[in-house]
**Q** 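Below is a structure I'd like to ask you about.
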Amino acid sequence: MKLTTREIAVFAMLGAFMYASKMLMELAPNIHLLGVLTTAYTVVYRKKALYPIYTYVILNGMLCGFATWWIPYLYIWTVLWGAVMLLPKKLPKKLCPIVYMSVCAMHGFLFGTLYAPVQALLFGLNFKGMLAWIAAGLPWDFIHGVSNFFCGVLIVPVISALRLAEKYAGCEQ
């Protein structure tokens, strides 16, 4: 996956945009555009979407602290990326919005469950303790999943904007 200078610059900006969008929406817990952007970047850039995703992850650690909360970020966004990668490249146009919104929502609903194994390891929780940790976070995961679904209406427009920008740059993927 060799990158051009233009791609390095674009992916850096897209990762920084992810971070800025999260910071701007920080007052609303578990409501953000990270799922939208991860999904859109993956549809447009496929494997190379990992560059802006991990730019965001590294920026988040650098600017918010490389603490225990950050460790699951090393894989949690890759789960959404992987789910989107498994979707057919040529979905019928009418299905795209609902499929992308649903995948994005599912990631939000499962966020605490995906987060839990690392928390269990770091804090010495047994399996029951991990399940209790997951159960305690269910209200937040519910908010996360529902907000991801509704924010997901932006996925197709973001995909269209990215594809238009790539076409305009003469480098359509």
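All of these numbers come straight from a predicted model, not from anything done at the bench.
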**Q** Are Leu86 and Leu50 co-members of a hydrophobic cluster defined by side-chain heavy atoms under 4.5 Å apart?
**A** no

**Q** Any pair with a residue in residues 78-87 that passes side-chain hydrogen bond (donor to acceptor under 3.5 Å, both in side chains), sequence neighbours left out, goes on the list, sorted by first then second residue, please.
**A** Tyr54-Thr78

**Q** Scan for side-chain hydrogen bond (donor to acceptor under 3.5 Å, both in side chains) pairs involving residues 22-32, sequence neighbours excluded, and state none if there are none.
**A**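 Residue pairs passing side-chain hydrogen bond (donor to acceptor under 3.5 Å, both in side chains), neighbours aside: Lys22-Glu26, His32-His144.
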
**Q** Same cluster for Met25 and Phe150 if Ile/Leu/Val/Met/Phe/Trp/Tyr side chains link at under 4.5 Å?
**A** yes

**Q** Look only at the side chain of Arg46 and the backbone of Met85, and say whether a donor-acceptor pair between them is shorter than 3.5 Å.
**A**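 Checking the backbone N and O of Met85 against the side chain of Arg46, a donor-acceptor pair under 3.5 Å is found.
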
**Q** Kindly say whether Cys104 contributes a backbone atom to a donor-acceptor pair with the side chain of Asn148 at under 3.5 angstrom?
**A**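 Such a contact is found between Asn148 side chain and Cys104 backbone.
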
**Q** Mind checking whether Phe66 and Leu121 sit in one hydrophobic cluster, side chains of I, L, V, M, F, W, Y counted as touching below 4.5 Å?
**A** no

**Q** Under the side-chain hydrogen bond (donor to acceptor under 3.5 Å, both in side chains) definition, can you give me all pairs with a residue in residues 100-119, not counting sequence neighbours?
**A**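 As it turns out, there is no side-chain hydrogen bond (donor to acceptor under 3.5 Å, both in side chains) pair with a partner in residues 100-119 once direct neighbours are skipped.
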
**Q** Return the set of residues passing ring pair (Phe, Tyr, Trp, His ring centres under 6.0 Å) with Phe17 (not counting sequence neighbours), or none when no residue passes.
**A**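 If we apply the ring pair (Phe, Tyr, Trp, His ring centres under 6.0 Å) test to Phe17, skipping adjacent residues, there are no hits.
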
**Q** According to the salt bridge (charged side-chain N to carboxylate O under 4.0 Å, His left out) rule, which pairs have a member within residues 121-137, sequence neighbours left out?
**A**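 Qualifying pairs: none.
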
**Q** What residue pairs, at least two apart or across chains, pass side-chain hydrogen bond (donor to acceptor under 3.5 Å, both in side chains) with a residue in residues 58-74?
**A**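 side-chain hydrogen bond (donor to acceptor under 3.5 Å, both in side chains) check on residues 58-74 returns Tyr56-Asn60.
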
**Q** So how far is it from Tyr41 OH to Leu162 CG, rounded to the nearest 0.5 Å?
**A**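 The distance works out to 6.5 Å.
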
**Q** In terms of side-chain heavy atoms, does Tyr51 have a donor or acceptor partner in Glu7 at a distance below 3.5 Å?
**A** no

